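Below you'll find the structure, written out as structure tokens, and then a few comments.
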Amino acid sequence: MFRKIDYNSLSVQEATVLQKELKEEVIIAPYKGPIQYIAGTDISFDPFSTHVFAGIIILSFPDLQPVAYSLVKKEVHFPYVPGYLAFREVPALLDAWDQLKIIPDVTVVDGHGIAHPRRMGIAAHFGVQVDKPALGCAKKKLYGIYEEPTNEAGNYTILSDKQGAPIGSVLRTKTNVKPVFVSPGHRMDITDSRELIEKCITKYRLPEPTRLAHNIVNQFRVGTLQEGYSEM
DNA sequence: GCGACAG
DNA sequence: ATCTTGTCGC
């Protein structure tokens, strides 16, 4: 196993070294076993504030009904640098994870998994830290080459790295709506991650875990929901 | 040098 | 990411 990371006062250079070390812990292989609970994570913050609001919501699967959530407010100093999102958001997500009484079988993280310059996007980083299956679902591309999938819901193309190796999928979740970028983070593969996201789409562009996580985190930020763990 | 650049 | 009205298109 790797050592526990001290996320305080890390430089971008040191973060790069950590990503290369953590990369060795990532497991990309077919997912095994049933799924009873699927989680969604999200972060909300004020661009001019120094803290972030993190949340994890747990949904039953495959019916996608919310059953519990965990909310945490945390001070953050690491700056937002494309490619290093995990160092800003994972610390707070790990605190939220520690409050959970129900451990999800899979977690959908807002951002990319291995579709990253060093194959260590936030979903891979988070997945390795909790050592549970995780995948990333992002609204924009960070890294990779792809062709636009056709306009019909359900169509997708493969996102590849500069050498042509597949690193994720560009999935059209709704007809005539911008696609989302899906990639495995840990303990699952490219096909698993795409198929799982497809099963989490109802009437919106974003999968329910991500959409609902975004909702509770925003309610937390404006004061409608309180910090801590709660079942629904 | 120029363009790209998760949240 | 967040702050916001109207507007275009299916």
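The sequence lines fix the lettering, A, B, ..., with proteins before strands; numbering per chain opens at 1. Quick caveat, the model's predicted, so the values are computed rather than measured.
Looking at A:D192, its side chain does come within 3.5 Å of a backbone N or O of A:D189 through a donor-acceptor pair.
To the nearest 0.5 Å, atoms CE (A:M120) and CG (A:L85) are separated by 12.0 Å.
Considering A:I43, A:V109, A:T41 in turn, A:V109 is the only one that fulfils the side-chain contact (heavy atoms from CB on, under 4.5 Å) rule with A:I122.
Between A:E198 and A:R194, at least one side-chain N (NZ, or NE/NH1/NH2) sits under 4.0 Å from a carboxylate O, which counts as a salt bridge.
What separates CZ of A:F48 from C1' of C:dC3 is a distance of 10 Å, to the nearest Å. At whole-Å resolution of the value, CD1 in A:I43 and P in C:dT2 are 11 Å apart. Rounding to whole angstrom units, CZ of residue A:R221 and P of C:dA1 are separated by 11 Å. In this entry the distance linking CG of A:D46 with C1' of C:dT2 reads 7 Å, nearest Å. Protein atom OH of A:Y143 is 12 Å distant from nucleotide atom C1' of B:dA4, rounded to whole Å. Spacing between atom NZ of A:K139 and atom P of B:dG7 amounts to 5 Å, rounded to whole angstrom units. The distance from atom OH of A:Y146 to atom C1' of B:dA4 is 12 Å, rounded to the nearest whole Å. A straight line from NZ of A:K141 to P of B:dA6 spans 10 Å, rounded to a whole angstrom.
Taking a pair as Watson-Crick or G-U with both hydrogen-bonding distances under 3.5 Å, no stem of three or more pairs touches DNA chain C.
Counted by atom type alone, A:E147 and A:T157 present zero donor-acceptor pairs between their side chains at under 3.5 Å. Looking only at atom types and distance, the side chain of A:Q65 has no donor-acceptor partner in the side chain of A:S60 under 3.5 Å away. Of the N and O atoms on the side chains of A:T224 and A:Q219, not one donor lies less than 3.5 Å from an acceptor on the other residue.
The local environment of OH in A:Y84 is crowded, with over 12 non-hydrogen atoms from other residues, nucleotides or ligands closer than 6.0 Å. Within a 6.0 Å radius of CD in A:E231, more than 12 heavy atoms belonging to other residues, nucleotides or ligands are found. For NZ of A:K174, the number of neighbouring non-hydrogen atoms (other residues, nucleotides, ligands) closer than 6.0 Å is greater than 12.
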Could you go through the side chain to side chain donor-acceptor pair (under 3.5 Å) check for A:R187 and A:Y31 one step at a time? CA-CA 6 Å; A:R187 295 188 178 284; A:Y31 180 86; over 6 Å; no
Side chain to side chain donor-acceptor pair (under 3.5 Å) between A:E14 and A:S11, worked out: CA-CA 5 Å; A:E14 294 171 322; A:S11 66; 3.3 Å; yes
When you look at A:F220 and A:Y69, which way does the ring pair (Phe, Tyr, Trp, His ring centres under 6.0 Å) test go after all the steps? CA-CA 11 Å; A:F220 175 33; A:Y69 63 79; 9.2 Å; no
Take A:D110 and A:T210, measure what side chain to side chain donor-acceptor pair (under 3.5 Å) needs, and give me the verdict at the end. CA-CA 7 Å; A:D110 62 315; A:T210 302; over 6 Å; no
Worked check of side chain to side chain donor-acceptor pair (under 3.5 Å) between A:H186 and A:D131: CA-CA 8 Å; A:H186 189 50; A:D131 195 26; 3.0 Å; yes
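For the contact set between residues 70-95 of chain A and DNA chain B, defined by any heavy atom under 4.0 Å, the members are A:Y80, A:P82, A:G83, A:Y84, A:L85, A:E89. Heavy-atom distances under 4.0 Å link DNA chain C to A:H214 of residues 181-216 of chain A, given in residue order. DNA chain B lies under 4.0 Å from at least one heavy atom of each of the following residues of residues 106-116 of chain A: A:D110, A:G111, A:H112, A:H116.
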Footprint string (nucleotides 5-10 of chain C, 5' to 3'): B base within contact, S backbone only, - free, heavy atoms under 4.0 Å: ------
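By the 30° and 60° cut-offs, the orientation of the rings of A:Y7 relative to A:H125 is tilted.
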Pairing string, 5' to 3', for DNA chain B - Watson-Crick or wobble contacts under 3.5 Å, brackets [ ] where pairs cross, | to another strand: .......
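Geometrically, A:R88 does not engage A:Y80 in a cation-pi contact, judged by NZ or CZ lying under 6.0 Å from the ring centre and within 45° of the ring axis. Both tests do not hold together for A:R221 against A:F45: distance to the six-membered ring centre under 6.0 Å, angle to the ring axis within 45°.
The residue A:N151 sits apart from the nucleic acid: no heavy atom pair falls under 4.0 Å.
Taking each heavy atom of A:I167 and A:G144 in turn, the nearest pair found is CD1-CA, 4.3 Å.
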